[in-house]
Amino acid sequence: MNADTHIAAMTPVFPGSVDAAGQRATLGVLGGGQLGRMFVHAAQRLGYFTAVLEPDAQSPAGLVSHHHIQTDYDDPAGLAQLAQLCQAITTEFENVPAQALQTLAQARPVAPSAAVVGIAQNRIEEKAHFAACANLSGVTCAPYAVIETLAHLQAIQGDQADLLPGILKTARMGYDGKGQIRVKTSGELAAAWAELGGVACVLEKMLPLTAECSVLVARGWDGQVVSFAPQRNVHVNGILAVTHAYEGNMPSSLADRARDAAVSIAHHIGYVGVLCVEFFVVEDGSVHGGLVVNEMAPRPHNSGHYTLDACDVSQFELQVHAMAGLPLPQPRQHSPAIMLNLLGDVWFDASGQLQEPDWHSVLSLPGTHLHLYGKVEARAGRKMGHLTITGPDVTSVTTVARQAADLLNLPGLNAI
Ligand code: ATP
Ligand code: MG
């Protein structure tokens, strides 16, 4: 079922409403991670009941939802129960089986649709989509080649040698820099492809990045679109570390282009819900016009967490509005903000012993907003929470963010 099928059929699900059978307006989410948790918080604040389908008994979202259906994502009985409980359903991570969304869509409005989630799950299809709307969006992706066979691999040594040095990325299931290997020569490329199991991949040319940014867009069933200004992101070891969200975080001409491109990408695909589009800002402006589209996430995004504390409407509220068929208010950012990701590493001291982070000192700093996701076990690289710093101006926000990062011994300090 594509998104357009529902445009006529989507009757708004109003918060607090009770249907003829006495069932209270309930929104469902497939997946129980932190994005699901913050979605659940937003839905409940509006007055909805919530249901989470997630196999893990201690999941961040399952712990705070009215209903927690504890089955695998593709379990027919679990999916049937979710569809029975909820008037509209969304997902919180893109590696959820697209087939599960397809099944749910036969019973209930599902946003985003299985079709668009399926595109975002596969870098080959995703890049084809970006290429198809390049005329509209005015932005292309990095030069790349699809590698599915030995012949494809061998072609890189000949015609396509200019893609090296590059990054070999698996077409499916990559996140936080996983499923990626950087390669300089065709020999390294062959070894990397073997290391990735010879699965379908894309080889992307390594670009000289000067910055990275992302844009959050929300699009309704009726095609209405609102968006946030681009946020500038800093990654450490392939994982988002710092998000800068304030005016002047990047040149305004690039910011405007990125925002327009993200809106075109959402429209072109008939997207419903919150979409995050990631971009690279590249050194050689003459070749790529300074901006290259990297990938899209069919859901709220880590780089948009600052919207909870720095905007009048958050990315999670917009997800609720979009899926439930409510109007989409244009969000307004009321404070400059910096978001610091808190990985499990923060819970270990220099000798590898578990320690409780010094929250007392961090929370004594002005404008600090701590969000922990309720995960019991801290592990290196695991996203445990985030800290958003808001303040009256960029200088004070930057000063506090540096102090907080220093107290928590966060990597990426020099990037603030
Ligand atoms: P995410 O956690 O965003 O889903 P991911 O694992 O899907 O990450 P990408 O966003 O493709 O991976 O890449 C991770 C990071 O690697 C990028 O944010 C960027 O810093 C770097 N990178 C990826 N592709 C390129 C490229 N073609 N040229 C230069 N740097 C790149
Ligand atoms: Mg990425």
Side-chain angles (χ1 to χ4, degrees), residues 33-35 37-42 44-45 60-61 63-64 213-214 216 228-236 239-250 300-318 331-350 354-376 378-416:
Q34 60 268 18
L35 296 166
R37 177 183 177 96
M38 291 180 267
F39 165 81
V40 162
H41 284 152
Q44 292 180 346
R45 207 175 67 160
L63 287 174
V64 296
C213 71
S214 53
L216 290 153
F228 292 91
Q231 48 276 350
R232 182 162 58 82
N233 302 319
V234 179
H235 296 82
V236 174
I239 305 180
L240 182 66
V242 183
T243 293
H244 297 257
Y246 43 78
E247 224 177 305
N249 62 354
M250 56 188 287
H301 193 259
N302 196 166
S303 64
H305 290 354
Y306 77 90
T307 62
L308 285 165
D309 300 302
C311 298
D312 59 355
V313 183
S314 77
Q315 61 169 349
F316 300 102
E317 267 174 285
L318 286 178
R332 185 180 64 82
Q333 185 167 352
H334 50 69
S335 305
I338 291 179
M339 188 231 41
L340 305 173
N341 249 357
L342 303 176
L343 303 182
D345 310 62
V346 171
W347 276 256
F348 294 93
D349 67 15
L354 265 174
Q355 62 171 6
E356 198 56 29
D358 183 3
W359 298 132
H360 184 272
S361 302
V362 170
L363 295 173
S364 332
L365 298 170
T368 49
H369 310 272
L370 178 64
H371 299 253
L372 295 182
Y373 307 145
K375 298 181 186 178
V376 179
R379 289 194 300 265
R382 188 179 198 202
K383 289 177 181 169
M384 301 295 288
H386 68 271
L387 184 76
T388 301
I389 295 101
T390 57
D393 51 56
V394 178
T395 310
S396 54
V397 166
T398 306
T399 304
V400 173
R402 283 199 184 121
Q403 290 168 332
D406 203 18
L407 282 167
L408 294 167
N409 201 15
L410 295 182
L413 191 59
N414 56 3
I416 299 171

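Heavy atoms only: backbone and side chains are in, while hydrogens, waters and symmetry mates are out.
- Annotation: the span from Leu408 atom CG to Leu387 atom CG amounts to 7.0 Å, rounded to 0.5 Å.
- In this structure, Gly344 and Ala378 approach most closely via the heavy-atom pair O-CB, 4.0 Å.
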Please evaluate residues Thr390 and Tyr306 with respect to the criterion side-chain contact (heavy atoms from CB on, under 4.5 Å), reporting the C-alpha separation (whole Å), side-chain torsions for both, the decisive distance (0.1 Å), and the verdict. CA-CA 9 Å; Thr390 57; Tyr306 77 90; over 6 Å; no
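- The shortest heavy-atom contact between Pro357 and Val346 is CG-CG1, 3.7 Å.
- Across all non-hydrogen atoms, the minimal contact from Leu216 to Gly304 is CD1-CA, 3.4 Å.
- At a threshold of 4.5 Å between non-hydrogen side-chain atoms, the residues Asn302 and Met339 count as touching.
- Considering every non-hydrogen atom in both Leu340 and Ala404, the closest pair reads CD1-CB, 4.1 Å.
- Using a distance-only test at 3.5 Å, with no hydrogens or angles considered, a donor-acceptor pair links the side chain of Gln333 to the main chain of Ala245.
- Note that SG of Cys213 and CZ of Arg232 are 10.0 Å apart. Values are rounded to the nearest 0.5 Å.
- A distance-only check finds no donor-acceptor pair linking the side chain of Asp349 to the backbone of Gln355 [under 3.5 Å].
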Would Leu342 and Leu370 count as a side-chain contact (heavy atoms from CB on, under 4.5 Å) if you check the C-alpha gap in whole Å, the side-chain angles of each, and the deciding distance to 0.1 Å? CA-CA 10 Å; Leu342 303 176; Leu370 178 64; 3.6 Å; yes
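- Looking at Met384, Arg379, Arg382 one by one, the single match for side chain to side chain contact (heavy atoms under 4.5 Å, CB included) with Trp347 turns out to be Met384.
- The NZ atom of Lys383 sits 15.0 Å away from the CG atom of Leu372 when rounded to the nearest 0.5 Å.
- Annotation: the span from Gln44 atom CD to Phe39 atom CZ amounts to 9.5 Å, rounded to 0.5 Å.
- Nearest heavy-atom pair, Ser361 versus Asp358, reported as atom, atom and distance to 0.1 Å: OG-OD2, 2.5 Å.
- Although no hydrogens or angles enter the test, the distance criterion places a donor-acceptor pair under 3.5 Å between the side chain of Gln315 and the main chain of His301.
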Leu365/Ile389 under side-chain contact (heavy atoms from CB on, under 4.5 Å): CA gap, chis, key distance, verdict: CA-CA 9 Å; Leu365 298 170; Ile389 295 101; over 6 Å; no
Trace of the side-chain contact (heavy atoms from CB on, under 4.5 Å) decision for Leu308 with His371: CA-CA 10 Å; Leu308 285 165; His371 299 253; 3.8 Å; yes
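- A tilted orientation is assigned to the rings of Phe316 and His305, their planes being inclined by 30° to 60°.
- In this structure a side-chain-to-backbone donor-acceptor pair under 3.5 Å is missing from Asp312 to His334.
- Between the OG1 atom of Thr398 and the CD atom of Gln403 there is a distance of 11.0 Å, given to the nearest 0.5 Å.
- Here CG of Asp393 is found 11.5 Å from OH of Tyr246. Values are rounded to the nearest 0.5 Å.
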Using ring-ring contact (aromatic ring centres under 6.0 Å, His included), reason through Tyr373 and His386 one step at a time and then give a plain yes or no. CA-CA 9 Å; Tyr373 307 145; His386 68 271; 5.8 Å; yes
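- Nearest heavy atoms, Pro331 versus Leu318: CG-CD1, 4.0 Å.
- Using a 4.5 Å cut-off on side-chain heavy atoms (C-beta onward), Pro300 and Met38 make no contact.
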